[in-house]
Amino acid sequence: MTIESCNFAGKKAIVRVDFNVPLNENGQITDDTRIRGALPTLKKVLADGGALIIMSHMGKPKGKVNPKFSLGQIKDAVAAALDAPVSFAPDCAKAQEAAAALKPGEVLLLENLRFYPEEEGKPAGIDKEDPAYEAAKKAVKESQKEFAKTLASYADYYIMDAFGTAHRKHASTAVIADYFDADHKMLGYLMEKEVKAVDNVLTNIEHPFTAIMGGSKVSTKIGIIENLMDKVDNLILCGGMTYTFARALGGNIGVSLCEEDKLDLALSIIEKAKAKGVNLVLGTDCVAGDDFKNDCNTQVVPVGNIPEGWEGLDAGPESRKLFAAAIEPAKTILWNGPAGVFEFDNFTGGSRAIADAIAVATKNGAFSLIGGGDSVACINKFGMADQVSYISTGGGALLEAIEGKELPGVAAIKG
Ligand code: AMP
């Protein structure tokens, strides 16, 4: 079933959203992007004449009730965003009566799912090292099915619209789907968009395809780099991982970030790119600093000739030109991870050059997908969100999808 083709008139839908929004010390929402992201799905159900049961996690309460993470704090904001009456169920596993009483157009917001250890399927309060852990985990996994079944009992339909947690096999993101047949479960609009965006860069690829991988370490990106190697024409590796490559190639990198145990891995990536005919673009120069702070002294030097005591903190002007040359003619672009320590205003230049080149390519018809926390923060810092094709809401979920892994939240719907 698809959300578009479903008519919810007179029916109830339980929707898994990602309302894990940041709150300030007064419990006020500081960024409502995630609430806005779920609105198309939620409004469709209400507009059809259906009723909504909304469920989400917030923060990491680790299976225990913790008022700091209560979704009650955002009830009024959800009501305002939906322009509909919202009631609150203070115990997500004991909401049968409240759900049954819902009338068309009404909304019930459930308390934080992660107040129950069954949501994540992890025992609460027992250390992983504890000999009792495995038995406790088995018990929670068993009761997880009951928990999911209870949630399922509230509604006629299940909609999965929480891309940010779609890579987790939790009660509300995957297990619950077992209690609905194929005609009564579906992805929400946000999930559909995210899945399509990933599909665009993994299957419907228009060439040239340029992927830009940055961030701090090569070790956390290796799965994606290897998966992309079979698909891309140009692979730009930038950010902190630049210096592991420069070191592996015999350069002096001063005190730059370096994974000493990944030098062989760096060399094997260079070899693989050659064998597969991928144009691997590594920075040649960098802006080095004499301290890890915004207002340190700087100099532009080759990445393999960084003076003692200095560290590469951003891509240099020559590298930025190389990056732009590989990005501007591209028709498909994926960007994950900044080219420098963009949190410091003086070291945003490399990431800015990448964002500018992506904007040029997008204007010329490329499909550009930006994802994974920090590059999204970069694009937002530059105020360029409207100059790229798609900004993913998923961090870990997006990276796993791009690695080629099937997301449990998607698999559960497809059956
Ligand atoms: P990741 O979480 O692996 O995507 O890495 C993102 C982080 O990498 C950001 O916080 C950047 O500040 C950091 N980063 C990027 N370039 C460098 C660099 N040259 N040295 C140290 N950290 C960097």
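When a ligand or atom number is given, it counts from 1 through the structure's own listing order.
In this structure, a donor-acceptor pair under 3.5 Å is present between the side chains of Arg16 and Ser172. With hydrogens and angles left out, the side-chain atoms of Ser368 and Thr362 include a donor and acceptor closer than 3.5 Å. A side-chain N or O of Asp91 and one of Tyr116 form a donor-acceptor pair less than 3.5 Å apart. A side-chain donor from one of Glu118 and Ser143 sits under 3.5 Å from a side-chain acceptor of the other.
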List, for ligand 1, each N/O atom that has a protein N/O partner under 3.5 Å away, with both atom names and the distance.
from	atom 1	to	atom 2	distance (Å)
ligand 1	3 (O)	Ser216	N	3.1
ligand 1	3 (O)	Ser216	OG	3.1
ligand 1	4 (O)	Lys221	NZ	3.0
ligand 1	5 (O)	Ser216	N	3.0
ligand 1	5 (O)	Ser216	OG	3.4
ligand 1	8 (O)	Ser216	N	3.3
ligand 1	10 (O)	Glu343	OE2	2.4
ligand 1	12 (O)	Glu343	OE1	2.6
ligand 1	12 (O)	Glu343	OE2	3.4
ligand 1	16 (N)	Gly240	N	3.2
ligand 1	19 (N)	Gly312	O	3.0

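Annotation for Lys169: atom NZ does not count as buried by contact number, only 12 or fewer foreign heavy atoms lying within 6.0 Å. No more than 12 heavy atoms of other residues, nucleotides or ligands shown are found within 6.0 angstrom of CG on Asp83.
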